[in-house]
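Treat the numbers as computed from the prediction; the structure is a model and nothing was measured. Both counts, for ligands and for their atoms, begin at 1 and track the order of listing.
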Amino acid sequence: MAQTVTTELRRWIIEQACSGCSAESVLKAMKDAGWEEEVALDALEVTLRQHLGVGAEAGDAAQLSQATQLAAAAERVSASGRPARRALPEPSLSGSPRQVDAGDRMVDVLVSLSSPRLVVFGNLLSDEECDALMAAARPRLSRSLTVQTDTGGEEMNADRTSQGMFFRRGELEVVSRVEARLARLLNWPVENGEGLQVLCYKPGAEYKPHYDYFDPGEAGTPNIVKRGGQRLATIVMYLNEPSRGGGTTFPDIGLEVAPQRGHAVFFSYDRPHPATRTLHGGAPVIEGEKWVATKWLREREFS
Ligand code: PD2
Ligand code: ZN
């Protein structure tokens, strides 16, 4: 049965942190009370990270230091059994601005979530940019492939019924412009991005829920990550609007992002693990067509 982190549990975690308990003792108390280790660790990390974010403005220094120590310890315990956390692409949202400067354009911040780390942006692309990307992609579309994780090759996949193509990085002026904007928006080098992918979904086409990172348990992953390292983040940009269906879904949190032209959904994953809650899919298009451009961001230069 799914275990829910209640307000009471969050309050209890913060109390333990502020009174100086160790991460191990808090984790043990939670496991003794029937919490699964994975859920307990996530609850500790997320609650304390949020608490530190709020408390940094208003809190008592000694309590904050206790909470900081517990958050760091929770992270260490957690890291011992799971893939390590990494530095991540992240927009500059401290102080909760309505808009962020993406260099050549001010981009609206519509939604920001901490777990999963996810931001919905508005006004990221102009109508002209959307049209130019669709027009340049259209003659090059073919049935989308997915990376074959056991070998590192590519395969046709029934879970993904869109058509797609990739631009090389910097291939066209509009592609370079969008890539430079994303690099500035997400504070991540252009060189660490894969080429822009454009997808077109006709009625009935969908992309079943999946993770974008490469599964460390699959045999082909070491080969795939030789080029640029792991994927750390995804931004899906909407180029047009189907009249019904085609939202980007996040089943772990019951979220569906509406495909609105010029908008985008960004999400990052600090480790290649379902604990990031970044399971996501493209819901079937019911009426009209759906066009998106996706950029995946890697740890290192992707060449
Ligand atoms: O088109 C989408 O909404 C979608 C959903 C899930 C795109 C991707 N994943 C992707 O390009 O990875
Ligand atoms: Zn995806």
Residues Phe121, His263; criterion ring-ring contact (aromatic ring centres under 6.0 Å, His included); working and verdict:
CA-CA 6 Å; Phe121 294 111; His263 285 200; over 10 Å; no
Salt bridge between Lys290 and Glu241, side-chain N to carboxylate O under 4.0 Å?
no
Flag, side chain of Arg117 to backbone of Leu88, donor-acceptor distance under 3.5 Å:
no
Judged by atom type as modelled, is there a donor-acceptor pair below 3.5 Å linking the side chain of Thr249 to the main-chain atoms of Gly281?
yes
Ligand 1 atoms nearer than 4.0 angstrom to some heavy atom of Gln197 are 11 (O)
Flag the pair Arg261 and Asp131 as a salt bridge only when some basic side-chain nitrogen lies within less than 4.0 angstrom of an acidic carboxylate oxygen.
yes
Atom 11 (O) of ligand 1: nearest protein contact (heavy atom, Å)
Thr294 OG1, 2.9 Å
State if Asp212 counts as touching ligand 1 under the rule of any non-hydrogen atom under 4.0 Å.
yes
Could you list the atoms of ligand 1 found under 4.0 angstrom from a heavy atom of Val292?
1 (O)
Below 3.5 angstrom, do we get any N/O pair linking Thr248 and ligand 1?
yes
Expected output: side-chain Tyr201 to main-chain Thr161 donor-acceptor under 3.5 Å
no
Does any N/O atom on Arg160 come nearer than 3.5 Å to any N/O atom on ligand 1?
no
At less than 4.0 angstrom from any non-hydrogen atom of Gly282, what atoms of ligand 1 do you find?
3 (O), 5 (C), 6 (C)
Do me a favour and list the nearest non-hydrogen protein atom to atom 1 (O) of ligand 1 with residue, atom name and distance?
Tyr201 OH, 2.6 Å
Please name the atom of Asp212, limited to N, O or S, that comes nearest to the Zn ion (ligand 2).
OD1
Using heavy-atom distances only, which candidate in His280, Lys208, Glu256 approaches atom 6 (C) of ligand 1 most closely?
His280
Which atoms of ligand 1 are found less than 4.0 Å from any heavy atom of His210?
6 (C), 9 (N), 12 (O)
By number and element, which atoms of ligand 1 are closer than 4.0 Å to a non-hydrogen atom of Trp296?
10 (C), 11 (O), 12 (O)
Apply salt bridge (charged side-chain N to carboxylate O under 4.0 Å, His left out) to Glu194 and Lys295, showing your working.
CA-CA 6 Å; Glu194 296 183 28; Lys295 172 70 88 178; over 6 Å; no
Where ligand 1 meets Gly281 - atom numbers and elements under 4.0 angstrom, heavy-atom basis:
5 (C), 6 (C)
To the nearest 10°, how many degrees is the angle His280 NE2 to the Zn ion (ligand 2) to His210 NE2?
100°
Any donor and acceptor pair, going by atom type alone, linking the side chain of Asp108 with main-chain N or O of Leu110 inside 3.5 Å?
no
Lys/Arg-Asp/Glu bridge criterion (N-O < 4.0 Å) met for Glu171, Arg140
yes
Checking a contact table here: which protein heavy atom is nearest atom 10 (C) of ligand 1, and how many Å away?
Tyr207 CE1, 3.7 Å
Give a yes or no on whether a salt bridge exists between Asp104 and Arg177, defined as a side-chain N under 4.0 angstrom from a carboxylate O.
no
